[in-house]
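Counting starts at 1 for both ligands and their atoms, in listed order.
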Amino acid sequence: MKNLLKSTLAIVAVLVAFTSCNNGAKSGKNSGALANNVAEKVYVAPGEHDEFYAFISGGFSGQLSVYGLPSGRLFKVIPVFSQDAEKAYGYNEETKPMLNTSHGFVPWDDAHHPDISQTNGVIDGRWVFINGNNTPRIAKIDLSTFETTEIIEIPNSAGNHSSSFVTENTEYVVAGTRFSVPIPQKDMPIKDYKGNFKGSLTFITVDPEHGNMDIKFQLIMPGFDYDLSHPGRGKSHGWFFFSTYNTEEASTLMEVNASQNDKDFIAAVNWKKIEEYVNNGGGTMMPTNYAHNVNDENTHMATSTMKKEVLTVNPLDVPGAVYLMPTPKSPHGCDVDPTGEYIVGSGKLSANLTVHSFTKMLAAIENESFAGDAYGIPIIEFEASLAGVVEQPGLGPLHTEFDDKGNAYTTFFISSEVVKWKVGTWEVLDRQPCYYSVGHLMIPGGNSQKPFGKYVVAMNKITKDRYLPTGPEVTQSAQLYDISGDKMELLLDFPTIGEPHYAAGCPADLIKPRSKKIFNLEDNKHPYAAKSEADTKVVRDGKTVHIYMTTIRSHFAPDNIEGIKVGDKVYFHVTNLEQDYDVPHGISMIGANTSELLIMPGQTETFLWEPKQEGVWPFYCTDFCSALHQEMQGYVRVSAANANTPLKWSLGEDIE
Ligand code: RUQ
Ligand code: CUA
């Protein structure tokens with residue numbers, strides 16, 4: 001045991017050393033000989049549009065940023081799991097409930113894997129889903145508004161990492177736990193992990209019309225770490241594949257103890273079979289507590305509902321639903337090719353890439369070519385499902401995506417490169433260095449039956465000397481390669497928001513025509529909306545005051561308010577009366593313990609102000625909306641708590 005420990009530590013040390021010297025050895029100048037016409041290939045002339053959208057997760061920023069490809073231009077940061085003062089997300093009264101969880105208000109998360117909804121195996125550009133790892137959640141972003149409209153918390157999960165991937169008709173968005181935990185949670189010794197902790201794989205239905213999410217069932221699996229996952233497609237539609245590590249079920253010094261087994265598993269889950277079982281009344285309702293937060297599209301207000309139970313399924317109760325395919329050395333990526341035949345497991349510590357065949361897997365199940373079981377789940381013999389091996393393609397394989405010509409592209413973290421190989425012959429065709437230490441890569445549509453194989457984006461963990469330095473913290477970065485020819489060609493480096501963890505890409509034409517320009521004022525059902533200046537008012541209810549305010553170029557109505565008192569809770573409900581594209585107004589109030597509002601045409605938003613001092617206090621518009629933007633201002637007179645200043649409001653007249 002001691003020796004094993006020592007030798008594993010030695011391997012880890014070598015890998016770490018390799019990583020750092022590898023990165024150190026490369027310099028920014030060594031970016032390969034760029035052809036002269038490279039600039040042309042990424043140049044999108046002023047006023048022209050990019051060909052693709054790229055939705056790049058922010059990792060530890062908790063957000064999702066929207067870029068154009070090939071230009072690499074940043075268009076928007078969509079707030080998802082983190083508060084965003086710029087858009088008042090998580091600060092205004094309407095969106096605060098979006099960040100509610102069973103642990104209370106959690107204004108941050110670690111956002112990893114965006115995936116775009118699909119119809120018939122092709123991305124349809126309706127929604128993008130993304131996982132929060134830390135406090136397990138799945139969010140849905142509506143791509144007509146580019147706003148987060150739903151967040152569902154995942155009970156019985158921890159480090160929600162093998163998420164959030166969609167099946168080929170968006171029947172399900174799937175969320176797998178990274179850490180196994182006691183299910184249900186309870187106070188118990190950590191050393192009793194093995195055999196007692198469990199991992200949950202959660203299948204969330206998506207309403208085909210409105211996209212509403214609902215947990216259909218949770219599969220309660222052995223206590224491994226479930227790292228990544230992908231749906232079957234085409235012939236393997238109806239299955240889902242999850243990579244695992246720590247099949248050792250260790251609970252300490254994981255870098256050594258979770259690397260003992262020569263092979264971990266890819267778990268193959270026949271969700272259609274489980275769905276049938278559940279539809280026939282199978283499964284066990286378990287008491288739990290999780291938040292389901294929905295933004296109403298008519299009121300533009302979010303509500304948070306606590307759900308109290310979840311349907312769990314024991315895999316042993318559904319024979320033929322779950323199998324384990326041995327895969328060498330702590331597989332990380334678990335990627336399915338566009339035909340649905342091949343499942344690629346990237347063993348982080350393996351010299352080779354392991355590819356399983358779906359057809360061979362079915363035959364192995366049929367012939368019962370099993371090599372034992374894990375907690376009763378059959379383990380398929382390694383050779384029986386093996387399709388082939390990509391020999392020695394690089395060091396530290398992580399993730400694979402596919403083009404539309406039968407090629408696969410795998411990232412290698414340690415040797416810092418993208419390697420192109422042929423699906424079916426497993427021969428390496430090309431390799432290009434990344435600057436540096438690439439994690440995921442993304443080909444638009446690369447997770448579907450129909451990839452758009454023109455570009456690949458590599459998302460790097462380290463940039464070192466690639467950009468102007470900005471102190472100890474330097475920008476993170478993505479790189480764009482042209483993959484339309486036989487050889488990949490590096491075109492562009494572009495900086496990213498947060499850690500560019502993973503991305504989903506889509507032809508712009510799928511989204512552009514559906515993008516909303518304004519919200520119809522007539523459809524605004526916000527309970528505190530004022531749909532015209534005639535509807536504006538100020539209403540006192542004890543110590544609570546509601547201001548029904550409107551904004552239009554270039555004034556607020558009302559713009560002067562008196563009769564507010566120290567200790568009041570003052571809600572500014574502000575409706576933007578504009579019905580023109582791209583005319584938001586903002587509002588901020590001196591001393592408010594929250595952010596500004598940025599209100600889109602036709603929308604109502606609310607912030608809370610609790611005046612603490614007597615005086616006459618101004619508010620103003622924060623968005624440069626017109627030539628008279630600087631005139632968009634007003635005053636609130638605040639009197640002592642026991643004063644009897646009458647409540648009054650006005651526009652265009654001085655208050656008596
Ligand atoms: S995975 S560490 Cu997407 Cu490579 Cu999160
Ligand atoms: Cu409205 Cu500036």
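For the pair Lys348 and Tyr245, the cation-pi test (distance below 6.0 Å, angle within 45°) is passed. In this structure, Lys517 forms a cation-pi arrangement with Tyr581, its terminal cationic atom sitting closer than 6.0 Å to the ring centre and no more than 45° off the ring axis. For the pair Lys537 and Tyr548, the cation-pi criterion (under 6.0 Å, within 45° of the ring axis) is fulfilled.
Looking at Asp623, its N, O or S atom nearest to atom 2 (Cu) of ligand 2 turns out to be O. For His501, the N, O or S atom with the smallest separation from atom 5 (Cu) of ligand 1 is NE2.
Around atom 2 (Cu) of ligand 2, the angle linking Cys625 (SG) with His629 (ND1) is 130°, rounded to 10 degrees.
Within the 2.8 Å limit, His585 places no N, O or S atom next to atom 2 (Cu) of ligand 2. Note on Met632: counted as a metal contact of atom 1 (Cu) of ligand 2, an N/O/S atom lying under 2.8 Å.
Near His440, meaning under 4.0 Å from any of its heavy atoms, are these atoms of ligand 1: 1 (S), 3 (Cu), 4 (Cu). Set against the non-hydrogen atoms of His112, the atoms of ligand 1 under 4.0 Å away are 2 (S), 5 (Cu).
Ranked by closest heavy atom to atom 4 (Cu) of ligand 1, the top entry among His332, His161, His113 is His332.
Between Arg137 and Asp110 there is no salt bridge, since no side-chain nitrogen of the basic residue lies less than 4.0 Å from a carboxylate oxygen of the acidic one. Salt-bridge annotation for Arg178 and Asp227: absent, with no side-chain N of the basic residue lying under 4.0 Å from a carboxylate O of the acidic one.
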I'd like to know whether Asp115 forms a side-chain contact (heavy atoms from CB on, under 4.5 Å) with Val128, so could you lay out the CA-CA distance, the side-chain angles of the two residues, the decisive distance to 0.1 Å, and finally the verdict.
CA-CA 5 Å; Asp115 204 15; Val128 47; 5.9 Å; no
